[in-house]
Amino acid sequence: MSESQSEQVLRVDAYPTHEVGGYRVRAGKPFPFGANVVPGGVSFSVFSDQATSMTLVIYKRGEPEPMAELQFPEEFRTGSVFAMTVFGLDHENIEYGYRADGPYDPVTGHRFDARQVLSDPYARLIAGRDVWGVEPDRSRGYQYRSRVCLQDFDWGDDTPLGIPAEDLVVYETHVRGFTRHPSSGVTAPGTFAGLREKIPYLKELGVNCIELLPVFEFDESDNPRSNPETGEKLFDYWGYNTISFFAPKAGYAATGRYGMQGDEFRTLIKDLHAAGIEVILDVVFNHTAEGNEQGPTISFKGLDNATYYMLTPEGYYFNFSGTGNTVNCNHPVVRNYVLDCLRHWVADYHIDGFRFDLAAILGRALDGTPLPNPPLLELLAFDPVLRHTKLIAEAWDAGGLYEVGNFPAYGRWAEWNGKYRDTVRSFLKGDPGVTGELATRIAGSPDLYSSRGTSASVNFLTAHDGFTLADLVSYNDKHNEANGEGNNDGGNDNASWNCGAEGPTDDPEVSALRLRQMKNALAILFTSQGIPMLLAGDEVARTQQGNNNTYCQDNELSWFDWDQVDDNAELLRFTREMIEFRKHHRELRSTAHPTGQVRENGLPDISWHGERAWQPDWSAESRLLAVARCGAGDDDVVYVAMNSHWESHDLELPALPGGRSWHLFADTGAEAPYDIRTPGTEQELDNAGKYLIGPRSVVILVGRTNDPEML
Amino acid sequence: MTLNVKERRNKTGTVLVATGEINSETSGALLQALLPLVREGKPLKIDLTAVTYVSSAGLRTLLVVYREAQHAGVAVTLYGVSEEVRFVMSATGFLDFFETGEAAAAAAKAKAKAAR
């Protein structure tokens, strides 16, 4: 007898006790919630505080009408949880949902409607949107069907990588957009499997963390608009309208039609980990796809509206998210729901961290007021399962709550640093009066994160929401006409500059300046303290043709064009070498904010310079700043001079201690291939004390010895 | 959809030829057919040439057989995996676990080449 056979144990709860609707059943276990395969059957458990009765609705896979409707016997209810084990079900070939009966009285918050079949909030798989973009049959009563799945993935020896936060180089990308372009050359474009084929590219680029735009099941076809110029249907491309929080999006899987999206996504994560790359998910707990009073009833609205949503005293939806509804995140039941969800992604998908969309909402009380000590944020910070995952807040919301630098962190939370983005953008375009704040930002924003260290700051210049880097230097204004909203959507405060011509140009001088500006941006980003985040495609000048809000553009505006890898090889090389340079220099990744403390070699950990060494110019008209960093344990010195002035300047370089001399790593004013070198092969300067920095350029020098023993 | 299984024994081991679909309905019978063969301790080949579809439950059954075989020190090879099934197995990571006929042949060839 084999080991697995000998382990078969007969269990008392493997036998039915009741019969409901011709099915053999018994009381299920309230925990865990959701549908779980148990000996002989499937245990279903669902919470509803105010439902008067609950019915489990079971469909044969893909059939329009149910094969069974089983009302939970009263004795199967524990507290407000309905739990039932149904025996003899073929778990692979069923879909299920619930009908919850109860009061319909929006003023008191209740919207029960037993005619509706509701998705299970804990469903680990959803059927109904199995292949991206396939027009759904809207005549069906139940669109987003919960499915049962086994939690038995074979992870081998995969474990979380645990890369220290300060060592991360984050790459923000979109599962579909990364490989959907015909030029991607992958077997299954636009899928988890396709992304998996691009792991070598990510590895070569040098990033060690990818942050994925939402992958929880959403309905890409829920956008009613079309492109006014072409008439083409617009999609919900970004996917911030979550349908189901525990289910990976089937349309992102080449095997979604077979219901194997979970395995496909896990395989991607396993292989990314094997390549040394962590995975952060962009999660959206601030709102759901159910919208406001006019929105569809999918799950929460019908199961327990008053628990899951923030409601006004009149029963309307508070709208701090700008999308219709706001999740009642600090309700005790909802807190646990969010916690269960994140535990699920960490335990069952080996996810390394999360970026929380409009996270300021997670700190609001049940009536919407900001809490001084939000229990949800504290819960997530200290949870045993989430203990070592990265937690990153987008520390603002659409209701006007702006908490950058002030987000309740509990020693754990990092933030998207919007002030870093705005300051560096402003400096790059040559605005006056920015050098002082620039110094603060590149030193890890000590004004914002003095007690939390530099790795609380996720530094970025571009993200999915806004201009790409190429567009930031090519457009003064947004061009969102294709979104069908009369160019009224998207941000207006872009701090962008088109370098002399709006949009595409044949002018070689403008083109050269744009390329230099992109290099300047990357050079500053990767030499700043804090966690750098790069938007996918910025390394090859990906353009969205000036559209700064491509949430609905499932087309070449959004997709990564792989032909640009060759076309913009110069920028790609520059990016790679900058990332590599960051890895070579611990002083750039120091978690402590610099204090001016003098190191063993006699130089301070940070020093500021202008045209004259040791004499930074903090005046409003100054557009030149140089910083020298000298880390503990590193024997070298990194000097970064940033000139956003349209004129060149003669830099006096600070003198170096003991046998060291200045070596040139990068000069964005130089023609390729002399714009950047491979770390370790920097060229020693002929004139040790001076360097001419060109107009709108960044120069990076390394002060080190030529003695190989000292390298 | 049904699944038919036939055993063919030869000097080097046993070949199990499957015909039809391997899904949650049919995988139980497949497992019952395969486990005794694994326990015989001889190399086992599973011929999937006439298998048109392998579901999630089917792939899991094959992996259970593989784990049992690994435990018993028995070599299991999959043969005749169709392009579609191979694609699904590849995308979901299952292919990484198995020796497949084509891969095994390539490995043998490489070994022979290295020996020359």
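This one's a predicted model, so the numbers in the text were calculated from it and none came from an experiment. Lettering follows sequence order; numbering is per chain, from 1.
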Would you indicate whether B:K42, at its atom NZ, is surrounded by more than 12 heavy atoms from other residues, nucleotides or ligands within a distance under 6.0 Å?
-> no
What residue, out of A:D154, A:T255, A:D90, A:L150, has the most heavy-atom pairs lying under 4.5 Å from chain B?
-> A:D154
Heavy-atom nearest pair, A:F153 first then B:T92, reads CE1-O, 4.1 Å
A:R196/B:D96 ion pair, N-O < 4.0 Å = yes
Atom pair CZ/CG of B:F94 and A:D263 - distance to nearest 0.5 Å = 4.5 Å
Closest approach of A:M260 to B:L59 (non-hydrogen atoms, all atoms of both residues) | SD-CD1, 3.6 Å
I would like to know whether A:N93 and B:E25 meet side-chain contact (heavy atoms from CB on, under 4.5 Å); could you show each step before the answer?
-> CA-CA 9 Å; A:N93 286 309; B:E25 281 178 53; 4.1 Å; yes
Checking A:L268 against chain B: side chain, backbone, both or neither under 4.5 Å from a heavy atom?
-> neither
Taking atom CG of B:N10 as the centre, report whether more than 12 heavy atoms of other residues, nucleotides or ligands fall under 6.0 Å from it.
-> yes
With a cut-off of 6.0 Å (strictly less than), are more than 12 heavy atoms of other residues, nucleotides or ligands near CZ of B:R8?
-> no
What is the minimum heavy-atom distance between B:S55 and A:E92, and which atoms define it?
-> OG-OE1, 2.7 Å
What's the spacing between B:S56 OG and A:R147 CZ if we round to 0.5 Å?
-> 7.5 Å
Crowding at CZ, A:R257 (>12 non-hydrogen neighbours, <6.0 Å) = no
